[in-house]
Structures are given as C-alpha cells and as structure tokens.
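Reviewing the structure listed below.
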Amino acid sequence: MTFLYPIIFAIFIGFVFRVSARVCQKSLIDIIIIAYVVFCGSVILTGFTLSEINKMNDRRFWAVGVFIPAYIFYIQFNNFFGKDRNENFTIFQIIGSRIQAVWNWFGNLSVFLKFIFGGLFITLAIIEITNFILICYTPPNEWDSMTGHLNRLLYYLQHGTMAHFGGTNWNIDTYPRSACTIQLYNYLMSGKVENWFKAIHHTAYWMIGFSVFGIARSISKNLTASFFCGLVVLMLPDVLKQAITTESDVVLASYLGCLVYFLFSFNEKKRRRYIYLAGLTFGIALGHKITFVFSLPPVFLILLYTVFKDDEKSNFLHITFAHFKHLFVAFVLGFVLFTLPAGYIPNIQEYHHPIGPPTALKHQSIDRAGTKANLIKQGSRNVLRYSIDLINLDGFRNWDEGEKVNRAMKKPIMWFERNVLKIRLEAETDFTIVPFTYNKRFEFYNMSPYWGIFGFALIIPLIILVLIGVIRNKAVYYYLGLAFVLHFIALSYTAAYDPWKGRYMISTAIFAVPFLTLLFTGKYSIEKPNHLVLKTYVGFVVAIGIVSGLLATFLNYRCLPISAYGRKSAFDMTRMEILTEARPDITKAYENFNKLVPQNATVALATINDDYEYPLWGDKLTRKLIVINPFEQGLRPIPKEADYLFFAKSVIKPQIGDIRLGTDTTMVNVIVKGEDYYLRKLR
C-alpha cells in the first residue's frame with residue numbers, strides 16, 4: 001500500500017492548483033503562488049490537528065486530512081471570490097500562452113540583453129539540475145538540523161505529537177512547529193525518504209524567484225525588468241545555499257515574498273481576495289519563525305503604500321475604512337489559524353516567554369546587549385559590520401584566486417575603518433556571537449554567504465541613489481528603500497553580530513532586489529540602444545555574478561557535487577560522512593556507533609545541547625531514542641526499555657565495560673569540538 005501515498009500526494013498537489021484557479025487572476029505567477037500558500041496552509045492546519053490527537057505518525061490521517069482544509073479554502077474562495085472572476089481559463093492554457101509569450105519576448109531582445117538573459121537562464125538551469133541531483137541523492141546535513149530541526153521531527157513521529165517533551169537541544173521544544181508539519185507530510189507521503197525533508201525548502205527557493213518576479217512586474221510593468229529581478233534573486237549566493245538545505249530562513253523568505261506580492265497585487269488590481277491571502281500568509285510566516293518580527297515594520301510600510309495610499313484622494317476615508325475592515329479580519333484569521341497553534345503559547349506556559357528559556361534569549365536576542373545605551377552603541381557597530389559583510393565577492397571567493405581578489409578589494413575599507421573611523425569593529429566583541437573580522441574563516445563565507453557582487457555593485461547603489469534623491473522615480477521605490485533600511489536595522493539591533501547572518505538577508509532581499517527594475521525603466525534604461533558604459537558595467541557584474549553562482553554551487557563545502565578542496569564529492573561519501581561533515585572529529589565515533597547498535601534498537605541519550613543526534617536514528621531512521629539529559633533539566637534515570645546508552649563523558653562518567661567510540665579529541669580548527677562519546681550495552 002506504500003505506493004499509494006505518492007499518488008495521493010500528487011492528487012493533492014493537483015487539487016491545490018484547482019483551488020488556486022478559483023481565486024487567481026489570469027496569471028501563471030498568481031496560480032503558482034496561491035497554490036503554494038494553500039498547500040502550506042492546508043498541511044500546517046492538518047499537522048496541528050493531528051498533533052492534538054496524537055496521530056502525527058499515521059500516514060492514513062495525513063493522506064486524507066490535508067484535503068479537508070484545502071476543500072474549505074476551495075468553498076470559501078469559490079463563494080467569496082469566484083463570483084467576480086470574469087475570465088475563463090485553464091492552467092494548461094495559461095502555461096502554453098506564457099511559454100509562447102516568453103519565447104516571443106526573448107526573440108525581441110537586443111543582442112546585448114540576449115547575452116545577459118541567455119547567460120542567466122543557462123546558468124540557472126545548470127545549477128538547478130545539479131541541486132536537484134544533490135537533493136535526490138544526498139541526505140540533509142545542516143548543523144542546526146542535526147541538533148534540532150530535523151531531529152525533533154523524528155521525536156514527534158515517535159511520540160505522535162509535537163507537545164513539549166524535553167529535548168537535549170533547546171530548539172527542539174521551543175521553535176515554532178509550522179515547518180515541521182510540512183516536512184513530516186512530505187516525508188511520510190514519499191514513503192519515508194529522508195531527502196524529502198528538503199522538498200519544502202527547495203520549493204521555497206523557487207517561490208522567492210516567482211514572488212520577486214511578480215513584485216517587480218507589478219511596480220514596473222516591464223517584463224524584461226521582472227525577469228531580471230527574478231533571475232538575480234535566484235542567483236544570490238545566500239539564497240542558492242539554502243536551496244538544498246533544511247535551514248528555515250529560505251522558507252520564511254518565501255512566505256514574506258508571497259505576502260508582499262499579494263499586497264502589490266491588491267494595489268494593482270484592487271481585489272480584496274489579495275488582502276485575505278496576505279492575512280493568511282502573514283499568519284503562516286509568523287507561525288514559522290519568530291524572526292519574522294524583523295519584517296513587520298517594513299511590511300507595514302508596504303501595506304501603507306499598497307492598501308491605504310490613494311493618489312487621487314477621492315473618497316479616501318471610505319476606502320481606508322473598507323480596506324482596514326478586511327485587512328483586520330484577514331490578519332486576525334491568519335494569526336488565529338496559523339500563529340497561535342505554532343507553539344508560542346506552550347513556550348509562555350513552560351518558560352514564561354514566547355521564544356524560550358532565558359539561556360536562549362541571552363544567546364540570540366536583544367537581551368544579550370544589556371542596557372539600552374549599550375544596545376544603541378553595539379547595534380550601530382553591527383550596522384557597519386553587516387554593511388561590510390555585504391561588500392564581499394561571496395560565491396566567487398570560494399575559489400582561492402577569488403578570495404585573493406576579495407581581500408585586495410576590501411583593503412581600502414579596512415584602512416578607512418581602522419585609521420579614520422577608529423570604531424574598533426574587530427576589537428570590540430561585546431554583542432557578538434562570533435567576533436567580527438574582515439577575513440572570515442572559510443566555513444562562514446562558504447556555507448553562509450551574503451548577496452555577492454549583485455548586492456554591493458548593483459542593488460545597494462540603486463537603493464542609495466533613490467533614497468538620496470539622485471534617481472527620481474515612482475514613490476513605490478522610496479517605500480521599498482525604507483523597508484530595506486528598516487529590515488537591515490532590525491537585524492543589526494535586535495541580536496548579537498553573527499557571521500552566519502547571511503541567511504537572514506534572504507528576507508531583506510525581498511525588499512531590495514526589485515530596485516533592479518530601475519535598470520530597465522526611465523532615462524538610463526539598458527533596453528535603449530545607447531548607454532554603452534552602463535551596459536558594460538552591468539554586463540561585467542552579471543558575468544561575475546554568474547561565476548559566483550556556479551562556484552557557490554560546485555564549491556559548496558557542505559555538499560560538494562564534485563571533488564574539491566582535497567575532499568571527495570558528496571556522491572562518493574558515506575551517509576555518516578555527509579551527516580557529520582561539519583564535525584569531522586566525531587565522524588569515526590558515529591560510524592562505530594552505527595556498526596555496534598542494531599537499526600531497531602532503543603537508545604538512551606545522555607548528550608549535550610550542541611551534540612548531533614539526528615545521525616543516531618540509523619540509516620533508515622528506525623531506532624528509538626530517549627533523551628535523559630534534557631536541556632537545563634538535569635540528568636534523568638536510564639529508562640528500563642533502553643537497550644543501549646550513548647553518552648558524552650562530560651555528562652556521565654565512563655565505567656569498566658563502556659566502549660569508547662573514538663572521538664578525535666586532538667583535532668584542531670573545528671568550529672565546535674565534539675564530546676568524547678561512549679556506548680554502554682544495557683541488556
């Protein structure tokens with residue numbers, strides 16, 4: 001019967017597109033983005049419900065359950081929004097017409113733009129094929145997923161519920177659970193293939209591209225500009241990196257992109273369906289991750305422009321009240337349906353804070369700064385630190401020669417900061433998780449880059465030129481520019497400096513990349529036959545950006561598609577080598593554990609917060625794990641049903657008969673040193 005579940009999954013995808021077709025305009029982007037939101041919303045609501053009745057691990061309930069909220073969406077959309085749909089069309093008709101339109105568009109481009117777009121399309125195709133193969137044939141191995149994000153999925157399946165149980169890593173219990181429902185649904189419907197944990201993240205990668213394309217089209221009414229924005233955002237190194245991981249930030253950015261797209265669609269078409277879709281997406285995003293609050297001020301700015309700004313000022317008060325009424329209902333619905341059940345309330349009950357325990361707050365929130373005066377002082381330093389982090393040839397610097405060029409490029413910035421500003425960005429380590437340095441360690445810029453040359457050579461200059469009034473264009477660019485600034489400031493002041501912060505900049509890009517439409521509109525449009533200097537500059541940036549995208553993919557240290565850096569490709573590595581890639585000092589210990597412990601054994605775990613637990617579940621994720629050293633709760637007794645005890649020497653003192661698994665405690669230059677692990681056979 002297992003083969004039926006992928007079929008049911010495919011049927012559900014088809015039904016989701018049917019629901020989308022009842023509410024969308026005659027637009028392929030509309031259909032895709034609405035279908036994505038309906039899919040995520042339906043799965044999330046089903047997951048919340050199944051968790052309450054302890055049926056998280058029952059595929060039969062998942063297979064049927066997701067159709068219920070999707071059908072409710074269908075009825076509501078059909079009743080409220082389907083009546084005013086004046087266009088009759090099918091999805092296949094739209095796909096066919098859009099393919100023809102794109103073909104005609106490309107054929108009418110100038111030779112220069114054919115080279116630009118041809119290079120971008122071909123590069124993106126190469127990257128997508130490579131990434132798709134990596135997703136299909138390599139397991140996930142991102143750090144936080146090994147300790148928390150993926151690990152907790154298997155605990156939820158084991159327990160049948162997503163309720164608090166006391167995990168070793170604090171984020172197992174405290175992180176919102178919306179993403180878990182989607183990952184579990186994909187995993188179970190695939191026939192329990194672990195690579196499907198990455199499906200939502202790779203889908204989110206493409207949704208970012210579609211949403212930015214839609215936003216750019218809405219504000220510019222220019223197809224060429226829209227394609228350029230959509231292609232560039234998919235080529236940004238930080239976006240590319242998360243396309244094949246199980247990190248949560250790419251999914252959050254996709255929700256933000258959909259939300260902003262719906263707001264601009266309302267501004268363009270004045271259909272209230274987009275307000276309700278925006279409200280539902282708001283609830284899904286806030287229920288996905290608390291860092292969505294960074295986006296609330298910029299989203300509010302976009303909302304002011306798209307919903308309440310009335311250029312003609314005719315009947316303004318009436319329009320404002322009507323819009324506010326629908327907006328209030330929509331956002332309350334989204335909050336109640338998708339945010340409240342996500343886990344914030346249990347956190348308040350357990351830890352008296354929606355985020356989690358005090359330790360977590362001190363580690364990665366505003367609390368780490370201490371006084372308000374120090375927050376302003378250190379947050380201002382962070383603004384400069386992240387600004388400098390954006391001025392890097394990310395992706396390109398994965399190549400040794402590229403890093404040499406990158407260091408030479410930064411020397412004037414280093415000299416100016418050290419000798420003129422003298423603000424001690426490197427020496428001052430307060431309000432930093434890892435101290436700032438101009439020359440970051442390889443793992444940081446390879447695995448968590450920023451925007452690369454597209455960012456500092458095109459996007460940021462355009463934003464600055466608009467905000468200081470050099471480029472004068474439509475008011476929407478000023479709103480987007482201020483939205484970018486607000487999001488950037490929020491990242492700088494609300495948490496300590498973190499060299500991994502490039503992952504948060506994926507959301508910032510939603511507000512920034514649409515500025516590239518200015519290259520195709522107005523006085524200096526590169527669609528015009530003149531402007532040779534500007535075209536040469538843009539062509540150079542695109543060429544380096546293409547190389548950066550390829551290097552970010554093919555020299556991705558975390559998951560190499562080819563042999564590089566003296567290392568084997570991911571396809572030639574064992575599963576355990578890939579899972580422990582970021583912590584090579586523990587690889588041998590985990591391999592020995594996997595050899596000694598049967599795949600169906602019950603194992604008690606006495607590990608610490610930073611330990612990898614996901615690899616311990618076994619090759620097919622069939623072992624049962626029992627946490628006996630939950631985060632900040634103290635050591636519990638070894639349960640009677642356990643067959644083995646896996647423990648760190650720092651947690652339990654070894655005794656005669658315990659097997660030392662072989663952690664390399666002499667290895668240096670690792671980000672976090674592994675514990676000395678032991679195994680005890682209990683029966």
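If you're wondering where the values come from, they're calculated on a predicted model, not measured in any experiment.
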Drop me the distance from [X]'s [atom1] to [Y]'s [atom2], to the nearest 0.5 angstrom.
{"X": "F484", "Y": "M505", "atom1": "CZ", "atom2": "CE", "answer": "7.5 Å"}
{"X": "H149", "Y": "T245", "atom1": "NE2", "atom2": "OG1", "answer": "9.5 Å"}
{"X": "L480", "Y": "I302", "atom1": "CG", "atom2": "CD1", "answer": "4.5 Å"}
{"X": "Y276", "Y": "L327", "atom1": "OH", "atom2": "CG", "answer": "9.5 Å"}
{"X": "I29", "Y": "S218", "atom1": "CD1", "atom2": "OG", "answer": "12.0 Å"}
{"X": "S145", "Y": "E247", "atom1": "OG", "atom2": "CD", "answer": "7.0 Å"}

Review point. So, D498 and R503, do they make that salt bridge, N to O below 4.0 Å?
Key: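 Judged by the 4.0 Å cut-off on N to carboxylate O distance, D498 and R503 do form a salt bridge.
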
Exercise for review: State whether R575 and E194 are salt-bridged, where the test is any N-O pair (Lys NZ or Arg NE/NH1/NH2 against Asp/Glu carboxylate O) under 4.0 Å.
Suggested key: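 Between E194 and R575 there is a salt bridge, with a charged N closer than 4.0 Å to a carboxylate O.
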
Exercise for review: Run the ring-centre check on Y590 versus Y612 and record whether the distance is less than 6.0 Å.
Suggested key: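 No.
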
Review point. What side-chain hydrogen bond (donor to acceptor under 3.5 Å, both in side chains) pairs are there with at least one residue in residues 54-71, not counting sequence neighbours?
Key: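 Every side-chain hydrogen bond (donor to acceptor under 3.5 Å, both in side chains) pair that includes a residue of residues 54-71, provided the two are not neighbours, is D58-R60.
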
**Study point:** Side chains of T46 and Y185, donor plus acceptor under 3.5 Å
**Key:**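 Absent: no donor and acceptor within the cut-off.
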
Exercise for review: Applying side-chain hydrogen bond (donor to acceptor under 3.5 Å, both in side chains), name anything that partners T168, two or more places apart in sequence or on another chain.
Suggested key: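 With neighbours one apart ignored, the set is E613.
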
Practice item. Kindly assign one of parallel, tilted or perpendicular to the pair Y155 and F165, based on the angle between their ring planes and the thresholds 30° and 60°. Key: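 Answer is tilted, since the angle falls between 30° and 60°.
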
